[in-house]
Number of protein chains: 2
Amino acid sequence: MPQKKPGQSNIDMQQLADMAGVSRATVSRALNDSPLVNERTKDKIRELAEKHHFVMNETARNLRLQRSNMICVVLMHDVELSHHLSDPFFLRMVGSVVDHLAESGHDLMLYHKPVTSAAEFLAARVYRQCDGAIFIGQGMIHEELNKLAGYQKPIVVWGADLPGRDYRIVGSDNVMGGELATQHLLSQGCKRIAFFGDIRKPELALRHEGYTNALRHAGIEPDSSLQLDPPMERGAAESIIDNFLENKPGIDGIVCSSDMLAASAISCLQRHGISVPSQVAVTGYDDLEIGARINPTLTTVSQDVSGGGKQLVKKMMGLLAGKKVRDSIRDTSLVIRESSLRKG
Amino acid sequence: MPQKKPGQSNIDMQQLADMAGVSRATVSRALNDSPLVNERTKDKIRELAEKHHFVMNETARNLRLQRSNMICVVLMHDVELSHHLSDPFFLRMVGSVVDHLAESGHDLMLYHKPVTSAAEFLAARVYRQCDGAIFIGQGMIHEELNKLAGYQKPIVVWGADLPGRDYRIVGSDNVMGGELATQHLLSQGCKRIAFFGDIRKPELALRHEGYTNALRHAGIEPDSSLQLDPPMERGAAESIIDNFLENKPGIDGIVCSSDMLAASAISCLQRHGISVPSQVAVTGYDDLEIGARINPTLTTVSQDVSGGGKQLVKKMMGLLAGKKVRDSIRDTSLVIRESSLRKG
DNA sequence: TGACACTTTGCAATCGATTGCAATAGAATG
DNA sequence: CATTCTATTGCAATCGATTGCAAAGTGTCA
């Protein structure tokens with residue numbers, strides 16, 4: 001339909017006013033259900049508006065009202081490594097945020113370019129147009145987020161509580177998550193447990209901290225040679241894991257920082273003829289839907305993603321209302337979802 | 001940061017003009033790199049703008065220019081069944097669309113409420129604010145999409161070529177996808193092949209059509225009792241599959257309409273002591289990242305999602321430019337990604 | 001009938017950018 | 001020096017809604 005069909009579109013407020021025999025002011029009030037307008041007049045206007053498919057110009061409205069009711073959501077995933085979005089965590093989070101924003105009468109704009117500096121984001125059209133921004137992840141730009149928090153529009157970040165932080169965060173307790181996973185393996189009788197994940201990333205560093213805490217608490221001294229950082233890309237990841245497994249024959253458990261990684265680890269183990277979980281037990285992180293559908297079922301740390309999205313939106317709404325808002329780290333509950341199978 | 005730090009924000013164009021000793025008109029021209037403005041003047045204005053973190057009011061700009069540069073993307077997944085977004089297909093598609101929109105100088109607004117009528121969507125703020133809408137999936141609202149296509153703003157839909165269609169579509173060839181999967185199983189020696197998927201959904205109906213085509217071509221008459229529609233929810237799905245497997249002992253292959261479903265099917269088969277793929281071979285659809293990481297590797301029909309997103313954006317840009325635009329069904333290439341294991 | 005209260009409507013300014021046209025300055029030309 | 005041309009810049013209208021204030025309409029009561 002390259003050409004608009006005449007008569008079905010482009011009814012503007014003036015035409016609507018003319019048809020109803022009133023002024024634009026009255027039409028505006030009627031459509032906003034103002035108590036100043038007579039009920040019969042309102043009904044007539046609403047009826048005409050619907051009949052003629054009147055679509056109000058939201059841009060003009062936003063200009064006048066000095067807001068856009070739009071929140072920008074920035075996906076801070078590793079763009080270099082996984083240029084195509086493959087981590088379902090982001091979709092679940094975005095889904096939760098968009099739903100909760102809708103409940104608050106807001107819409108969502110998505111931003112997917114890698115943000116490396118505050119200035120760059122300030123210049124982006126999405127920033128110019130939104131009322132505030134929610135970052136899913138901190139990437140490596142903690143300092144830039146600090147700057148951004150000082151400018152015009154409020155920001156809220158899903159991430160970890162880094163030192164010297166000026167922006168508001170929502171996050172799950174990654175230390176506890178790491179502890180839960182490790183404790184689970186310890187309770188299955190594991191003694192020599194590896195950790196798979198990139199500890200340069202703030203959230204994963206905390207999970208690793210939880211991992212070492214749990215080990216020490218069990219009287220086991222963490223061995224830094226058991227920490228491995230497989231890349232995102234599958235082929236590379238699996239060859240690195242294969243290599244690791246050949247050089248570290250003694251391990252009997254692996255704490256993985258994601259379900260995707262856990263799936264690769266399990267697959268590599270099985271290829272090496274190692275039985276999972278009876279010889280080596282594995283935990284993941286994120287509770288992917290599909291993890292429960294595979295065999296053996298993936299044991300995983302489940303974050304309350306929906307609750308996290310809700311908190312992000314709640315904090316954002318607080319900031320928009322000019323309130324003082326606190327961080328929210330514990331509000332998001334963590335549980336371990338156990339495999340149906342246990343280490344024999 | 002409930003309070004904005006003074007001096008770091010709210011610089012408006014007038015103040016910038018005053019500092020530069022020019023009028024607002026010149027500032028506007030300078031920031032838009034108009035050739036009418038002296039280069040030295042431009043540089044001074046740009047420098048001041050950056051120094052004072054000037055953020056232009058995009059809403060005012062949009063109002064004046066009569067466009068928003070925003071495209072609304074509507075996720076038409078089964079909200080009743082999977083209220084939480086769990087299908088990674090959507091994320092990959094949204095990711096591709098947002099990236100290609102960015103290349104075309106556009107931003108993306110996400111819409112996630114179930115759309116059941118054209119009127120409802122016309123009244124949504126996202127519609128009032130966007131330049132056009134992209135629907136990911138047709139849901140059950142083919143007729144409503146027809147209406148929508150006749151109104152103010154262009155729409156493009158990811159979906160199937162339904163009869164009596166007035167809107168532009170982009171899609172992969174689902175009939176061929178169904179054929180590919182079925183042919184793969186036939187080539188593995190399967191004779192009695194089931195189909196798992198909801199054939200009320202247009203795209204899945206076409207995959208089912210490809211399935212029957214392939215069977216007939218191999219001289220096998222399709223048996224409608226071998227079509228099953230497991231629900232989205234895992235527990236319910238698996239009990240229905242279990243039940244099916246007990247009543248249909250003769251099958252040796254299953255064509256699944258999604259990888260998620262295939263994972264459940266494999267899991268159920270294994271629970272029944274049936275070896276996959278040697279006794280019963282299974283194919284999925286979507287090529288989920290994690291499918292390649294599990295054991296046995298999932299054989300699946302891989303759609304070129306990124307290419308699909310690119311086409312959606314291309315068609316939308318064409319419509320926005322007032323061009324006549326054709327549907328695009330074959331542009332998206334389909335391949336079967338085989339399991340590392342084969343039916344013995 | 002006139003005064004007053006209350007309901008309903010319209011007028012016109014406003015939000016912040018863009019841009020056609022007019023105006024100015026300075027250079028080039030006759 | 002007067003004139004024409006070009007390069008910059010400013011003035012002011014414009015986009016389409018909202019809203020304070022004024023005004024018109026309706027009803028009540030003395």
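Only heavy atoms go into these numbers, but all of them, side chains included; no hydrogens, no water, no symmetry mates. Order of the sequence lines sets the chain letters (A, B, ...), proteins ahead of strands, with each chain counted from 1.
The nearest whole Å value for the distance from the CD atom in B/Q152 to the P atom in D/dG16 is 11 Å. Nucleotide C/dC15 holds its P atom 12 Å from the CD atom of B/Q14, rounded to whole Å. In this structure, A/L65 atom CG and D/dA17 atom P are separated by 12 Å, rounded to whole Å. Between A/I45 atom CD1 and C/dT8 atom C1' there is a gap of 12 Å when expressed in whole angstrom units. Taking atom CD on A/Q66 and atom C1' on D/dT19, their separation rounds to 14 Å, with Å as the unit. In this entry the distance linking CG of A/N69 with C1' of D/dA17 reads 14 Å, nearest Å. Residue B/N32 contributes atom CG, which lies 16 Å from atom C1' of C/dG20 at whole-angstrom precision.
For a distance-only test at 3.5 Å, the side chain of A/R64 fails to qualify as a donor-acceptor partner of the base of C/dG16. Counting distance only, with no hydrogens placed and no angle test, the side-chain atoms of B/R29 and the base atoms of C/dG20 include a donor-acceptor pair under 3.5 Å.
Taking only side-chain atoms of B/N38, from C-beta outward, the nucleotide of D/dG16, C/dG10, D/dT8 with the closest atom is D/dT8. Of the candidate nucleotides D/dT18, D/dT9, C/dG16, D/dT18 has the atom lying nearest to any side-chain atom of A/R61.
Under the 6.0 Å cut-off for aromatic ring centres, A/F135 and A/F121 qualify, their centroids lying closer than that.
Taking 4.5 Å as the limit, some side-chain heavy atom of B/I134 sits within range of a side-chain heavy atom of B/V97.
A/Q138 and A/Y167 form a side-chain donor-acceptor contact under 3.5 Å, judged by distance and modelled atom types alone. Side-chain N/O atoms of B/S68 and B/D131 include a donor and acceptor closer than 3.5 Å.
Heavy-atom nearest nucleotides on DNA chain D were determined for A/V27 and for B/G21, and the one closer to the 5' end corresponds to B/G21.
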